[in-house]
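Notes follow the structure.
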Amino acid sequence: MNYKIVEEKDKVILEGVADFELSHIFECGQCFRWNREVDGSYTLVAHKKILNVAKEKDQIIFNNTNIEDFYGIWKTYFDLGQDYGAIKKSLCKNDPVMERAIEKGYGIRILKQDEWETLISFIISSNRGIPLIKKSIEELSEKYGRLIGTYKGRGHYAFPEPEALLNRTIEEIRLCRTGYRAKYILDAAAIVGERQMNIYNIHNLDTDMARKELLRISGVGPKVADCILLFSMGKFDAFPIDVWVKRVMEYFYLQEDMPLKVIQDYGQKRFGEYAGFAQQYLFYYARELGIGK
DNA sequence: TTCCAGGAACGAG
DNA sequence: CTCGTTCCTGGA
């Protein structure tokens with residue numbers, strides 16, 4: 001919360017930011033448009049901009065940007081107004097499992113991503129692992145997104161606008177290795193692109209109403225809806241349950257073979273308004289431990 | 001060659 | 001409502 005901002009040419013440096021670790025932020029399953037560079041920094045494309053982020057000691061260095069974009073985009077994107085210390089303290093109360101989970105993923109932050117991009121990304125994510133999801137999104141962007149610039153010798157493309165996908169065929173979309181999800185992508189592009197639904201207004205609804213609205217879209221089920229709510233709409237009480245979260249919840253809090261609904265109700269009740277943060281720490285912890293492998 | 005991981009749709013009960 | 005099956009891709 002209390003950090004110092006230093007402006008330099010093409011970069012913004014933050015000093016003294018707590019609870020911020022790049023590998024935790026990008027490798028906890030919330031975001032797919034990043035690449036880890038050989039120097040350990042991360043280059044990402046978000047909100048039509050290319051950003052490189054590095055961490056050195058207690059400095060976070062935003063490269064290829066400026067102070068206007070820091071205030072206009074990245075401060076919100078990285079959830080820098082949120083007091084993660086307070087959230088952690090609340091989640092750890094009477095919960096040794098969460099304490100250990102947070103020890104592993106102490107630097108996680110929930111990114112505020114674009115709603116449309118998050119919708120399509122998580123439709124693509126269903127029934128697949130992270131490397132494949134990244135590849136499909138990258139190919140969709142290269143084919144149908146605008147070239148926004150080059151960085152470190154590589155061209156980077158914005159995520160395609162709904163209108164850019166609107167008149168494509170299922171076969172074209174399938175070339176981006178989306179499989180049977182191609183139809184869902186086109187349906188979603190029609191719903192959003194033709195303004196049958198204003199996805200940028202959904203965050204004004206309460207979490208349950210917003211979820212109901214998202215579930216109208218074909219290819220969006222409970223898990224994908226909760227990912228969109230949490231990773232693009234600031235609904236921090238959403239609790240997306242994928243296989244990893246299912247396993248870690250059953251292992252530490254419940255027992256094997258629990259129906260999803262039971263885990264959902266338990267998580268919502270136990271973690272309350274911070275369920276989304278709990279989900280992120282648990283997801284990261286489950287993968288670190290390799291539970292169920 | 002076969003097997004497996006991973007969410008939602010869909011039909012049956 | 002819950003349950004079981006099917007849909008794809010790529011890596012082991």
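All chains are named by letter (A, B, ...) in the order of the sequence lines, taking the proteins before the strands, and each is independently numbered beginning at 1. What you see is a predicted model; the values in this text were computed from it and never measured.
Qualifying side chain to side chain donor-acceptor pair (under 3.5 Å) partners for A:E103, counting only residues two or more places apart in sequence or in other chains: none. Residues that satisfy the side chain to side chain donor-acceptor pair (under 3.5 Å) test with A:K246, not counting sequence neighbours, are A:E250.
For the pair A:I241 CD1 and B:dG6 C1', the interatomic distance rounds to 15 Å; values are reported in whole Å. Rounded to whole Å, atom P of B:dA5 lies 16 Å from atom CD1 of A:I291.
A centroid separation of 6.0 Å or more is found between the aromatic rings of A:H156 and A:Y151.
Between the A:S121 side chain and the A:E117 main chain, a donor and an acceptor come within less than 3.5 Å of each other. In terms of modelled atom types and a separation under 3.5 Å, the side chain of A:W116 and the main chain of A:P160 share a donor-acceptor contact.
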Show the atom names and distances, to 0.1 Å, of all donor-acceptor pairs under 3.5 Å that link a side chain in residues 132-150 of chain A to residues at least two apart or in another chain.
from: A:K134; atom 1: NZ; to: A:W34; atom 2: O; distance (Å): 2.5
from: A:S136; atom 1: OG; to: A:R128; atom 2: NH1; distance (Å): 3.2
from: A:S136; atom 1: OG; to: A:R128; atom 2: NH2; distance (Å): 3.2
from: A:S136; atom 1: OG; to: A:C176; atom 2: O; distance (Å): 2.8
from: A:S136; atom 1: OG; to: A:R177; atom 2: O; distance (Å): 3.1
from: A:E138; atom 1: OE2; to: A:R33; atom 2: NH2; distance (Å): 3.1
from: A:E139; atom 1: OE1; to: A:R177; atom 2: NE; distance (Å): 3.2
from: A:E139; atom 1: OE2; to: A:R177; atom 2: NE; distance (Å): 2.8
from: A:E139; atom 1: OE2; to: A:R177; atom 2: NH2; distance (Å): 3.2
from: A:S141; atom 1: OG; to: A:R33; atom 2: NH1; distance (Å): 3.4
from: A:S141; atom 1: OG; to: A:I137; atom 2: O; distance (Å): 2.9

Please set out all donor-acceptor pairs under 3.5 angstrom arising from side-chain atoms of residues 92-101 of chain A, sequence neighbours excluded.
from: A:D95; atom 1: OD1; to: A:V97; atom 2: N; distance (Å): 3.2
from: A:D95; atom 1: OD1; to: A:M98; atom 2: N; distance (Å): 3.0
from: A:D95; atom 1: OD1; to: A:Y253; atom 2: OH; distance (Å): 3.0
from: A:D95; atom 1: OD2; to: A:Y253; atom 2: OH; distance (Å): 2.9
from: A:D95; atom 1: OD2; to: A:R270; atom 2: NE; distance (Å): 3.2
from: A:D95; atom 1: OD2; to: A:R270; atom 2: NH2; distance (Å): 3.2
from: A:R100; atom 1: NH1; to: A:Y285; atom 2: OH; distance (Å): 3.3

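Taking 4.5 Å as the limit, every side-chain heavy atom of A:M249 sits out of range of all side-chain heavy atoms of A:I241.
Within the structure, ring-ring contact (aromatic ring centres under 6.0 Å, His included) pairs that include any residue of residues 161-191 of chain A do not occur (at least two apart or interchain). Residue pairs meeting the ring-ring contact (aromatic ring centres under 6.0 Å, His included) criterion with at least one member in residues 197-241 of chain A, sequence neighbours excluded, are A:F122-A:F231, A:F236-A:F277, A:F239-A:F271.
The outermost nucleotides of DNA chain C lying under 4.0 Å from heavy atoms of chain A, listed 5' to 3', are C:dT2 to C:dG10.
If you check residues 249-267 of chain A against DNA chain B, you find no residue with a heavy atom closer than 4.0 Å. Scanning residues 23-35 of chain A for heavy-atom distances under 4.0 Å to DNA chain B yields an empty list.
Counting non-hydrogen atoms under 4.0 angstrom, A:R128 reaches a base of the nucleic acid.
Note on A:W74 and A:I5: same hydrophobic cluster, where clusters join Ile, Leu, Val, Met, Phe, Trp and Tyr whose side-chain heavy atoms are under 4.5 Å apart, directly or indirectly.
Annotation: A:N2, atom CG; neighbour count of heavy atoms from other residues, nucleotides and ligands within 6.0 Å does not exceed 12.
The phosphate of B:dG6 (OP1 or OP2) has a side-chain N or O of A:W244 nearer than 4.0 angstrom.
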| said: Between A:D69 and A:K49, does the salt bridge (Lys or Arg N to Asp or Glu O under 4.0 Å) criterion hold? Intermediate values first, please. | reply: CA-CA 9 Å; A:D69 281 352; A:K49 303 278 181 175; 3.2 Å; yes
| said: One pair to check against side-chain contact (heavy atoms from CB on, under 4.5 Å): A:L51 and A:T43. What are the steps and the verdict? | reply: CA-CA 6 Å; A:L51 180 74; A:T43 301; over 6 Å; no
| Which parts of nucleotides 8-13 of chain B does protein reach within less than 4.0 Å, heavy atoms only, written one letter per nucleotide 5' to 3' as B for base, S for sugar-phosphate only and - for none? | SS----
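Relative to the axis of its first five pairs, the axis of the last five pairs of the helix from B:dT2-C:dA12 to B:dG13-C:dC1 sits at 40°, rounded to 10 degrees.
In this structure, A:Y106 stands alone, with no Ile, Leu, Val, Met, Phe, Trp or Tyr side-chain heavy atom under 4.5 Å from its own, directly or through other members.
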